[in-house]
Amino acid sequence: MSETSATQEFLRARDLLLLHRTDLAKATAEFRWPRLERFNWALDWFDTVAARQDRTALRIVGAAGPGTDRLLGFGELSLRSGRVAVRLRALGLRRGDPLLLMLGNRVEVWETMLAAMKLGAIVIPTYATATAAELADRLDRGRVRCVIAEAGLTDRFAGLPGGWLGISVGGGAEGWIPYEDAGAAAVPFTPEGVTRGDDPLFRYFTSGTTSKPKMVEHTHVSYPVGHLSGMYWNGLLPGDVHLNISAPGWAKHAWSSLFVPWNAEATVVALDAADTSPGRILDVLRTRDVSTFCAPPTVWRALAAEGLGPRPPALREAMAAGEPLEPSLIEQVGRAWGVDLRDGYGQTETTGQIGNPPGRTPVPGTMGFPLPGYEVALVDPGTGRVVPGGEVGEICLELRRERPLGVMRGYVGDPRRTEKVFAGGRYHTGDLAVRGTDGRLTYVARADDMFKSFDHRISPRELEEALLRDPAVADAAVVPVPDPVGLWVPKAYVVSAPGQRADAAAARGVLERAAALLPPEKRVRVVEFAAELPRTASGKVRRAELRERVAGAEYR
């Protein structure tokens, strides 16, 4: 396939970021989002890469050592995805039709994603643990026309209305069409018309910490091309081998198991979500020549608790995203492996906005700098004014001079919420941060997680970082509980480290050690031990659920 002008425009932007991979100042000054009125990433980029070289694109880790892994090249995936697109078209799927995808980390995830892009279908990625009620909501609000799901999960769809077509993968299911081997369709794929850059591509449902998850819509450029910022933060190079710990269905999977590595022409290493124990991850890091590795902080904590051991021989870059990293974890990884564990920040609604890229030594406790293509303002939520350095403000993305390509189109079916989040010519993240004198940003809290105690504003994250420095604490989350004098006081839910007690004496020890690290007005007042913390599949603490435990009512 010959390169189109759109492909060349994308490649110029990509190559500039590779050129300045360790020079953030130059990358930020020179980078401009490519202007792509017509662009189909699967056809214009992936298939172009496949035509000019056929290194390994995807490595599915096997159960019994490297010899059992499944390796697929760019060329093979290009061919297979084209055949899947032909088959889906024959079954009636057309441009603009919503397709719900509910699969584990298997080849069909990637070939179906590529096929859907080629067709112009709208993909609704869904995690394998979704309940029947969640699926009913997605089928209804997503106006789903087709479902592709693991055969073992099809029973969750029983009786759900909508007139959608069901396709089962990995076995038969009553009333479902077998996925079949993509090789059965021998007719080459030919696109029907052009793909506009602003055509819808993804609809992601947010993690559902509120009663009704938001439905985020991304386009054929906002996610595929927008993830150039994440490629820069991750520091990937052509030929790298990239392992990301994330389950299909969450936005982070599209980030780091699809667009970020394949924008860089790197190899994706994929682990079955059911086989991501700390020991298994460490083994894969050491035996699959992994050069770049990204995982949520919950996984990094588990690796540290397991014992990091010697540095994986090929590892060059280590990243974390999903929630802020505590300084103690960064220090522990640095001591054991001699690599910087680099923080990054983004949302389902955007690509990577802020991070510690290669070439900038991270300062523990800070989230880093705005990434190329993003202009970040910290804004007073009440007045809309930009706050000065050292003052807490909401993280907002400036849209007026140049809208960042990686920002969503909006919330489907919710124009009021869309208008609110884009108010004043900015995208409002709902997260609070403070900017230091060197330009680094430090995360404070979600705006709706902050609370007042004895007239002092409390950030749960600050208290959690103090708790997590305690070797007796494996995990911790802080929420407010009512107090007759102070209005609210901080309560910590604590998961004990292995071998540690969870009794009154242990609680006193945790409180005393945290108090030594915090000012008196911010000390934790109550500790309750828990077997585990409620988290979303992407690793974020469900604070609403913890608040419900102490208040006996739902917080929204």
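The two residues Leu405 and Pro34 have their closest heavy-atom pair at CD2-O, 3.9 Å. Taking each heavy atom of Val387 and Val379 in turn, the nearest pair found is CG1-C, 4.2 Å. A pairwise comparison of heavy atoms in His220 and Met117 identifies CE1-O, 3.6 Å as the closest pair. Minimum heavy-atom separation, Ala321 to Lys252: CB-CE, 3.8 Å. Here the closest non-hydrogen pair linking Val407 and Phe422 is CG1-CE2, 3.7 Å. The nearest pair of heavy atoms linking Gly73 to Asp54 is C-OD1, 3.4 Å.
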Could you please spell out the steps behind the side chain to side chain contact (heavy atoms under 4.5 Å, CB included) verdict for Lys118 and Asp47? CA-CA 10 Å; Lys118 292 178 178 184; Asp47 282 0; 3.2 Å; yes

Side chain to side chain contact (heavy atoms under 4.5 Å, CB included) between Asp272 and Val61, intermediate numbers included: CA-CA 8 Å; Asp272 190 309; Val61 175; over 6 Å; no

If you apply the rule side chain to side chain contact (heavy atoms under 4.5 Å, CB included), what do you find for Tyr411 with Lys420, and how did you get there? CA-CA 11 Å; Tyr411 298 116; Lys420 181 179 179 181; over 6 Å; no

Any chance you could lay out the side chain to side chain contact (heavy atoms under 4.5 Å, CB included) test for Val376 and Leu397, step after step, and finish with the verdict? CA-CA 5 Å; Val376 174; Leu397 302 178; 3.9 Å; yes

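The distance from the CG atom of Leu463 to the NZ atom of Lys522 is 8.0 Å, given to the nearest 0.5 Å. Residue Asp380 holds its CG atom at 10.0 Å from SG of Cys396, rounded to the nearest 0.5 Å. With rounding to the nearest 0.5 Å, the separation of CZ in Arg469 from CG in Leu329 is 11.0 Å. Note: Leu517 CG to Glu465 CD = 11.0 Å, rounded to the nearest 0.5 Å. How far CH2 of Trp233 is from CD of Glu317: 11.0 Å, rounded to the nearest 0.5 Å. Distance CG/Leu77 to CH2/Trp110: 9.5 Å, rounded to 0.5 Å.
When side chains are defined from C-beta on, Pro224 does not count as touching Leu258, because their heavy atoms never get closer than 4.5 Å. Residues Ile245 and Leu243 have side chains in contact (heavy-atom distance under 4.5 Å, counting atoms from C-beta outward). Side-chain contact between Leu378 and Ile395: present, with at least one pair of heavy atoms (C-beta onward) separated by less than 4.5 Å. Side-chain atoms of Leu282 and Leu303, non-hydrogen and from C-beta on, do get closer than 4.5 Å to each other. Annotation: side chain of Val299 is in contact with side chain of Ile281 (closest heavy-atom distance under 4.5 Å). Contact check for Val216 versus Thr206: side-chain heavy atoms found under the 4.5 Å cut-off. Taking 4.5 Å as the limit, some side-chain heavy atom of Ser453 sits within range of a side-chain heavy atom of Pro490. Contact annotation: the side chain of Met231 approaches that of Leu18 to within less than 4.5 Å [non-hydrogen atoms, C-beta and beyond].
With sequence neighbours excluded, no residue forms a side-chain hydrogen bond (donor to acceptor under 3.5 Å, both in side chains) with Arg311. The salt bridge (charged side-chain N to carboxylate O under 4.0 Å, His left out) search around Glu217 returns Arg203, Arg409, not counting sequence neighbours. Arg335 meets the side-chain hydrogen bond (donor to acceptor under 3.5 Å, both in side chains) test with no other residue; sequence neighbours excluded. Residues satisfying the side-chain hydrogen bond (donor to acceptor under 3.5 Å, both in side chains) criterion with Asp438, sequence neighbours excluded, are Arg440. In this structure, Tyr443 has no ring pair (Phe, Tyr, Trp, His ring centres under 6.0 Å) partners at least two apart in sequence or on a different chain. Every residue two or more places apart in sequence or in another chain that forms a side-chain contact (heavy atoms from CB on, under 4.5 Å) with Pro460 is listed here: Ala445, Asp449, Phe451, Glu464, Val478, Arg543. Partners of Arg55 under the salt bridge (charged side-chain N to carboxylate O under 4.0 Å, His left out) rule, at least two apart in sequence or in another chain, do not exist in this structure. Every residue two or more places apart in sequence or in another chain that forms a side-chain hydrogen bond (donor to acceptor under 3.5 Å, both in side chains) with Glu391 is listed here: Arg385.
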For residues 290-297, dump all side-chain donor-acceptor pairs below 3.5 Å to protein atoms at least two apart in sequence or in another chain.
from   : atom 1 : to     : atom 2 : distance (Å)
Ser291 : OG     : Asp240 : OD1    : 3.2
Ser291 : OG     : Val241 : N      : 2.9
Ser291 : OG     : Val241 : O      : 3.2
Thr292 : OG1    : His242 : ND1    : 2.7

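Of the possible donor and acceptor atoms, one in the side chain of Ser459 sits under 3.5 Å from a partner among the backbone N and O of Val444. In this structure a side-chain-to-backbone donor-acceptor pair under 3.5 Å is missing from Thr348 to Ala251. The main-chain N or O of Gly352 is found under 3.5 Å from a side-chain atom of Ser229 such that the two form a donor-acceptor pair.
Within the structure, the salt bridge (Lys or Arg N to Asp or Glu O under 4.0 Å) test picks out the following pairs touching residues 283-303 (sequence neighbours left out): Asp69-Arg288, Arg280-Asp283, Asp283-Arg288, Arg301-Glu323, Arg301-Glu326, Arg301-Asp475. Within the structure, the ring-ring contact (aromatic ring centres under 6.0 Å, His included) test picks out no pair touching residues 341-364 (sequence neighbours left out). Under the side chain to side chain donor-acceptor pair (under 3.5 Å) criterion, the residue pairs touching residues 26-37 are His20-Glu30, with sequence neighbours excluded.
In this structure, Arg416 does not pair ionically with Glu419, as no charged nitrogen and carboxylate oxygen lie closer than 4.0 Å. Ion pair Glu375/Arg400 not flagged as a salt bridge, since none of the NZ, NE, NH1 or NH2 atoms sits closer than 4.0 Å to an Asp/Glu carboxylate oxygen.
Judged purely by distance below 3.5 Å, without hydrogens or angles, the side chains of Gln353 and Tyr427 never pair a donor atom with an acceptor atom. Side-chain contact, Trp41 with Asn263: a donor N or O sits under 3.5 Å from an acceptor N or O.
Between Phe202 and Phe259, the ring-plane angle classifies as perpendicular under the 30° and 60° cut-offs. Ring geometry for Trp250 against Tyr127 counts as parallel: the plane angle stays under 30°, on a 0 to 90° scale with 60° as the upper cut.
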